[in-house]
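The structure under discussion appears below in the form of structure tokens.
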Amino acid sequence: MNKDILVCGVGGQGTVLASKLIASAFMSEGETVHSAETIGMAQRGGSVTSHIRVGDAAYSPLIPRGKADMILAFEPAEAVRNLSYLKKDGIVIVNSEPVKPITESLQDTGYDGTDMIAYLKTKCSCLVVDAKTLCEPFGSSKFFNVAILGVAVGTNRLGLNKDCVLKEIETRINPKFIELNKKAFLAGMQIGETNEA
């Protein structure tokens, strides 16, 4: 299998953990995986992009522009910023909830993510997920990183099965939060499956 997945968001959203779960799940299935992160200047709020390349066709950890099969975007503006990586028949799974940059609080630009979502819908196959609603039963939007992974698995376009990812959650997540993360993952899967039905 050859698959290129780009995970993007801002610092503090858990994008790096999500990318590590994807990479380790593919490796547990016997696949060759290359991955790399580019992290913005700020620990919280800076752009974070993870490249995950699966299969023997990849000789570099960085996905070339126009080659990503899937973009998992934790923030609408980051989805638009990275859209050039998506291949023609690829899919973007994007959080509708924006993370407002510092400039928004200083200048009140009115950024709420809706223009970004509208733009994405005109440019690509796009599945919009409301992190606030999805994660409300779990008490925190911090579970969105695992929930969006569930959405991706549920669409059957990621190339991983449920059991493989659940095993990685059990291995890599703090034991106190394993059960909630598993529930968030399964809730996300339902959204992915519904979208593909």
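As a basis for the values below, the full set of heavy atoms in this structure was taken, side chains included, without hydrogen atoms, waters or symmetry mates.
At distances below 3.5 Å, not a single donor-acceptor pair connects side-chain atoms of Tyr111 with backbone N or O atoms of Pro98. With His34 contributing its side chain and Ala58 its backbone, the two residues share a donor-acceptor pair below 3.5 Å. Formation of a donor-acceptor pair under 3.5 Å by the Glu75 side chain with backbone atoms of Val99 is found in this model. At least one donor-acceptor pair under 3.5 Å links the side chain of Arg53 to the backbone N or O of Ser60. Listed for the Gln13 side chain is a donor-acceptor partner under 3.5 Å among the backbone atoms of Val10. Under a 3.5 Å cut-off, the side chain of Asn2 and the backbone N or O of Ala57 do form a donor-acceptor pair. No donor-acceptor pair under 3.5 Å is formed between the side chain of Asn195 and the backbone N or O of Ile191.
Between Ile22 and Ile5 the shortest side-chain heavy-atom distance falls below 4.5 Å. Annotation: side chain of Met1 is in contact with side chain of Phe26 (closest heavy-atom distance under 4.5 Å). In this structure, the side chains of Cys124 and Leu83 come closer than 4.5 Å at one or more pairs of heavy atoms. Using a 4.5 Å heavy-atom threshold, the side chains of Phe144 and Val129 count as touching. Residues Leu6 and Met70 fail the side-chain proximity criterion, which asks for heavy atoms closer than 4.5 Å. Looking only at side-chain heavy atoms (C-beta outward), Ile93 and Ile148 come within less than 4.5 Å of each other.
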Could you give me the CA-CA distance, side-chain angles and deciding distance for Ser28 and Cys164, then say whether side-chain contact (heavy atoms from CB on, under 4.5 Å) is met? CA-CA 8 Å; Ser28 74; Cys164 176; 3.3 Å; yes
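Between the OG atom in Ser19 and the CD1 atom in Ile52 there is a gap of 5.0 Å [rounded to 0.5 Å]. The distance from the CG atom of Asp56 to the OG1 atom of Thr32 is 4.5 Å, given to the nearest 0.5 Å. Atom-to-atom distance recorded for Arg65:CZ and Leu86:CG is 12.0 Å, nearest 0.5 angstrom. Note that CG of Leu72 is 10.0 Å distant from OG of Ser50, once rounded to the nearest 0.5 Å. Asp130 CG to Glu136 CD: the interatomic distance, rounded to the nearest 0.5 Å, is 9.0 Å. Summarising the geometry, atom CG belonging to Asn181 is positioned 7.5 Å from atom CG belonging to Leu17; distances are rounded to the nearest 0.5 Å.
Under the side chain to side chain contact (heavy atoms under 4.5 Å, CB included) criterion, Lys182 pairs with Leu166, Ile169, Glu170, Ile178, Glu179, not counting sequence neighbours. Listed by chain and residue number, nothing satisfies the side chain to side chain donor-acceptor pair (under 3.5 Å) test with Asn174 (two or more places apart in sequence, or in another chain).
Residues Tyr85 and His51 place their aromatic rings such that the two centres sit under 6.0 Å apart.
Using modelled atom types, one finds no donor on one side chain facing an acceptor on the other under 3.5 Å when comparing Ser141 with Glu97. Residues Ser24 and Arg172 have side chains that bring a donor and an acceptor to within less than 3.5 angstrom of each other. Thr49 and Glu37 share no donor-acceptor pair across their side chains, judged by distance under 3.5 Å alone.
Hydrophobic clustering (ILVMFWY, side-chain heavy atoms < 4.5 Å, transitive): Val16 and Val7 are in distinct clusters.
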Pair up each side-chain donor or acceptor in residues 149-160 with any protein partner under 3.5 Å, not counting sequence neighbours, and list the distances.
{"unit_1": "Thr155", "atom_1": "OG1", "unit_2": "Ala152", "atom_2": "O", "d": "2.7"}
{"unit_1": "Thr155", "atom_1": "OG1", "unit_2": "Arg157", "atom_2": "N", "d": "3.3"}
{"unit_1": "Arg157", "atom_1": "NH2", "unit_2": "Asp89", "atom_2": "O", "d": "2.9"}

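Salt-bridge check for Asp4 with Lys67: failed, with every basic side-chain N at 4.0 Å or more from each acidic carboxylate O.
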